[in-house]
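Just so it is clear, the structure is predicted and the values come from calculations on it, not from any experiment.
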Amino acid sequence: AGSLMTTKHSQPQSTFAKGPTSTSTNAPYFKAAESTEIPSYVTKCPSNGLCSRLPPDCMTCNTNYSCVYGKPATFDCKVKPHVHCVDENNQEQENFTINMTCQFCWQLATTDYVCTNSTNCMTVSCPRQRYNATCTVRDHIHCLGNRIFPKMLYCNWTGGYKWSTALALSITLGGFGADRFYLGQWREGLGKLFSFGGLGIWTLIDVLLIGVGYVGPADGSLYI
């Protein structure tokens, strides 16, 4: 291995010696330009903070796939170039260890990642609808595997409709279709209005259906 590295270094030296002067002058210029370029991840890395508290984008760790799932594990890490951090004694360091739970990112608790939300699915349906979400692990959480992953989630978005308001309208003004109008169900609201709440029968039924949450907003969202 030592002779191979020596051969690699000796070859460029002989080439520069035989080549024109401009070639040897330009080589250091390109190296300097590359070294001054600051990677984009540096903006996510706090300067002179604890190395163990750095976001995962600021470090490179040796993956320990032999760890026991769900158990604490220690990983050897190194800060990426242009990242500066310190230890508990305020001494700058490059190599350090972090403690984390042995699990893949998609196995984390729901509070440890953020997912995209969909407003194109019905939350009030049987069976409950799901949608394809893209989830991203929070910066302070460490895990194995990809930090951005797909996940099937239940529709849980809301359009701002209150269950208490809908129920109150159904009890007091349900005979005029006020509850249905509030929920955005205009056809049913007009039907109740011109039939005087189905002679009271439709009004009583709607009180029960809204009370148990069976009738919800027309846009398919959840109550708040």
Under 3.5 Å, side chain of Thr116 to main-chain N/O of Thr134, donor-acceptor pair present?
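Such a contact is found between Thr116 side chain and Thr134 backbone.
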Mind checking whether [X] and [Y] have side chains closer than 4.5 Å, heavy atoms only?
{"X": "Val68", "Y": "Cys102", "answer": "no"}
{"X": "Tyr131", "Y": "Cys155", "answer": "yes"}
{"X": "Leu50", "Y": "Asp87", "answer": "no"}
{"X": "His142", "Y": "Ile98", "answer": "yes"}
{"X": "Val212", "Y": "Leu208", "answer": "no"}
{"X": "Phe196", "Y": "Thr203", "answer": "no"}
{"X": "His82", "Y": "Pro39", "answer": "yes"}
{"X": "Gln91", "Y": "Val86", "answer": "no"}

Decide whether Leu190 and Trp202 are clustered together by the hydrophobic rule: side chain heavy atoms of Ile, Leu, Val, Met, Phe, Trp, Tyr closer than 4.5 Å, transitively.
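Shared cluster, no.
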Give yes when the SG atoms of [X] and [Y] are nearer than 2.5 Å, otherwise give no.
{"X": "Cys61", "Y": "Cys77", "answer": "yes"}
{"X": "Cys45", "Y": "Cys85", "answer": "no"}
{"X": "Cys135", "Y": "Cys115", "answer": "yes"}

If you count the non-hydrogen atoms of other residues, nucleotides and ligands that lie under 6.0 Å from CZ in Arg130, is the total more than 12?
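Counting other residues, nucleotides and ligands, CZ of Arg130 exceeds 12 neighbours.
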More than 12 heavy atoms of other groups within 6.0 Å of Asn146 CG:
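Counting other residues, nucleotides and ligands, CG of Asn146 stays at 12 neighbours or fewer.
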With rounding to the nearest 0.5 Å, note down the distance linking [atom1] in [X] to [atom2] in [Y].
{"X": "Lys80", "Y": "Leu54", "atom1": "NZ", "atom2": "CG", "value": "11.0 Å"}
{"X": "Phe75", "Y": "Thr60", "atom1": "CZ", "atom2": "OG1", "value": "14.0 Å"}
{"X": "Leu169", "Y": "Leu167", "atom1": "CG", "atom2": "CG", "value": "9.0 Å"}

Applying side-chain hydrogen bond (donor to acceptor under 3.5 Å, both in side chains) as the test, list every pair that has at least one member in residues 103-114; sequence neighbours left out.
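Found none.
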Residue pairs, two or more places apart or on separate chains, that pass side-chain hydrogen bond (donor to acceptor under 3.5 Å, both in side chains) and touch residues 160-183
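Those involving residues 160-183 are Ser170-Asp179, Asp179-Lys192, Arg180-Gln185, Arg180-Asp206.
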